[in-house]
Amino acid sequence: MFGQYDVIVVGAGHAGCEAAAAAAQLGSSVLLVTMSMENMAQMSCNPAMGGIAKGQIIREIDALGGLSAIVTDKTMIQFRMLNKSKGPAMWSPRAQSDRMLFSMEWRNQLEQIPSLDFLQDMVVSIMIKDGRAHGVKTSLGHTIEGRSVILTNGTFLNGIMHIGEKKISGGRMGEIASIGITEDLVALGFEASRMKTGTPVRIDGRTIDFSKLEEQPGDAVPGKFSFTDTGTLRKQRSCYLAFTNKAVHDILRTGFSRSPMFTGRIEGIGPRYCPSIEDKIDRFAGKDQHQLFVEPEGWTTIEYYLNGFSSSLPEDVQIAALHKIPGFENAKVFRPGYAIEYDYFPPVQLKYSLETKLIEHLYFAGQINGTTGYEEAGAQGLIAGINAHRKLRELPDFILRRSDAYIGVLIDDLITKGVDEPYRMFTSRAEYRILLRQDNADLRLTPMGYDIGLADKSRLEVVNRKEQLLEQLMRFCKKESVIPDEVNHMLAEKETDPLRQKVKIDTLLLRPQIHFRDLVTSIPHLAAFIENLEGLNTEIIEQAEIRIKYQGYIDKERELANKLGKLENVAIKDDFDYQQLTSLSFEAREKLSKIRPITIGQAARISGVSPADIAVLAIYLGG
């Protein structure tokens, strides 16, 4: 029934879909095995993509040739650029999506790839021979050979859902858990552990009093995620803000004695940065109010998601507390919130390619590695799919450094530092975030995507033209001057000092109060130049402004990245015996032997390895 595939992807969540698409588009024969063909890339939690640091990841996926941004653009119902009041390194795109359309569009995109096959079944075992993965066995009794296997099981590995004192086996409400894979891998020598996440009540929008909520419309001029021509969002749906209060908290506390979190029935570690509502009011007992986001699930549905009200408390407590929130006094609930526990495999067991160290041609991506979020999962799936394809063709691993992309930060953090709670990306995790802005993801990564064969030539041509236009506009601003009479009236309105002599345009743009749009309306020859520069758009103009204003910071960060990057070029052999270096601390020898870094740069980022230990290593290796 089945021939041999180059790559078998287990699970069709965000990681699995990106992995299957990447490997197949690169030329591998791929089988995507999922327990539900109707729920591909299901938005199990909130119906949104992007956000702080996560938006940067989606744009990076797109720049490399992945599909998450394209699917998001085609199905979003609202767009907002977050953190616009801060510096551009912090700007983060976020889209509210139509949950059902999102899953349908992902399936549509995948079905257009000729070398990608699908199977609705459950994988129960990975076939291993001579230390290599070579296929899977399924619950329907199929034995399917594959030259490599990518596991993207999400929250389904031995998943258990908790609602108060109720305990239900499953990976998502209404879907069964995946049994057998964890036990197989542990028997092979893998380390596994448990994590926990949760989701809030879903509410009938017809029963919400929106007059008591604070409306959050999308941006007046909505942006998008993909660098391709995915069209412009012409109408949007609003989200809303609501707030808990003391009465809500008091009711929630009455359920603590029946909460699986507080009684010890949940053993998994939950996300610190997205805690359940009961965890919030327990940890922040002195706070009488918490913000909630009321988010529509789609264009036409009446269903709403109450972001910030994740809970595993008994249903009666959840509903009673909900009714004390202004605007929700008469709210009807479609389904209660619940917590879910699932198995994950500490990611220090992986290489940078996301191939496991223990079994060759076996890759892990997504929540199986202890991450949380669609964006982090999609990024890992993309990298695993690329590298599974490349290894089969004896090509070098595709690895992004921390100075290349947020995706590089994500993977380096996972395999070098490990996780002791669900990992979530933040801008603060990236030490080179001025370089890794959302606006320049295509300039940074599309040439790499083209080189490996995932981003097509038309994408590269667009990037090259964008770079040319940027350079032309910046050269004009550095070369051309502006006289006081042209701009002093505008400068007075902006409450900044007037000019006393002519200056270059880029010098004037360095003032924090001044933006390109101000100069274009005041300087005729600048306006004429921009109008005559074919292909120039607001995105390119904004990027030129960022470069001019922040060039000093950008140069310093790039210099630092280059300096520290030298440590990344000092390789460490995989079989290096750290125990022989008695000058290393005992903890360093233990951690280095376990994680087995491939460079001194990676070794320097391992918790417990001191600068003194790195100095010893550098001297020994001649770095």
Side-chain angles (χ1 to χ4, degrees), residues 14-15 18 43 45-64 66 68-69 72-73 76 78-97 197 219 223-227 271-275 291 293 295 307-308 347 365-367 369-383 400-445 543 546 550 553-554 557 561 605:
H14 297 258
E18 285 288 4
M43 298 180 117
C45 206
N46 63 320
M49 293 290 280
I52 295 170
K54 294 167 175 278
Q56 283 86 330
I57 289 176
I58 295 298
R59 296 210 101 192
E60 290 177 350
I61 290 172
D62 183 72
L64 287 167
S68 287
T72 300
D73 285 353
M76 67 180 171
Q78 188 197 80
F79 181 91
R80 293 180 70 204
M81 185 67 77
L82 306 182
N83 282 341
K84 281 291 281 186
S85 62
K86 300 180 180 179
M90 305 293 284
W91 298 353
S92 302
R94 184 184 190 271
Q96 202 70 24
S97 297
T197 188
D219 289 350
K224 61 193 190 75
F225 279 94
S226 181
F227 294 101
R272 183 195 314 180
Y273 302 105
C274 190
Q291 188 171 252
F293 299 90
E295 303 173 339
N307 197 342
Q367 284 178 288
N369 291 335
T371 61
T372 180
Y374 313 137
E375 303 82 2
E376 292 91 341
Q380 293 170 70
L382 180 75
I383 298 302
L400 293 170
R401 298 170 301 177
R402 296 181 73 90
S403 56
D404 290 329
Y406 272 89
I407 297 173
V409 175
L410 164 68
I411 293 174
D412 184 64
D413 278 355
L414 292 177
I415 70 168
T416 301
K417 301 174 182 177
V419 295
D420 54 12
E421 61 184 44
Y423 180 99
R424 180 179 180 178
M425 179 54 73
F426 292 103
T427 50
S428 58
R429 295 191 190 272
E431 57 270 52
Y432 306 118
R433 56 184 172 272
I434 298 176
L435 300 180
L436 309 183
R437 305 184 311 277
Q438 56 82 31
D439 63 276
N440 69 357
D442 55 340
L443 299 175
R444 289 186 278 118
L445 299 177
Q543 196 162 119
I546 291 169
Y550 295 91
Y553 297 101
I554 292 170
E557 205 159 269
R605 294 187 292 274

Thr72 versus Phe79: any side-chain heavy-atom pair under 4.5 Å? no

The residue among Glu295, Gln78, Met49 that forms side-chain contact (heavy atoms from CB on, under 4.5 Å) with Ser97 is Met49

Mind checking whether Thr427 and Ile52 have side chains closer than 4.5 Å, heavy atoms only? yes

Is the Lys NZ or Arg CZ of Lys86 less than 6.0 Å from the centre of Trp91's six-membered ring, within 45° of the axis? no

Between Tyr374 (side chain only) and Cys45 (backbone N and O only), is there a donor and an acceptor less than 3.5 Å apart? yes

Strictly by modelled atom types, are Glu375 and Ser68 linked by a side-chain donor-acceptor pair under 3.5 Å? no

Using modelled atom types and a 3.5 Å cut-off, is there a donor and acceptor pairing between side-chain atoms of Arg433 and backbone atoms of Ala89? no

Does Arg429 qualify as a cation-pi partner of Tyr423, given the criterion of NZ or CZ under 6.0 Å from the six-membered ring centre and within 45 degrees of its axis? yes

Arg402 and Asp413: salt bridge (Lys or Arg N to Asp or Glu O under 4.0 Å), yes or no, with the steps? CA-CA 9 Å; Arg402 296 181 73 90; Asp413 278 355; 2.8 Å; yes

Min side-chain heavy-atom separation Leu400-Leu445 under 4.5 Å: yes

Examine Arg59 relative to Phe227 and say whether NZ or CZ is less than 6.0 Å from the centre of the six-membered ring and inside a 45° cone about the ring axis. yes

Of all the heavy-atom pairs spanning Arg437 and Arg444, show the shortest one and how long it is. O-NH2, 2.9 Å

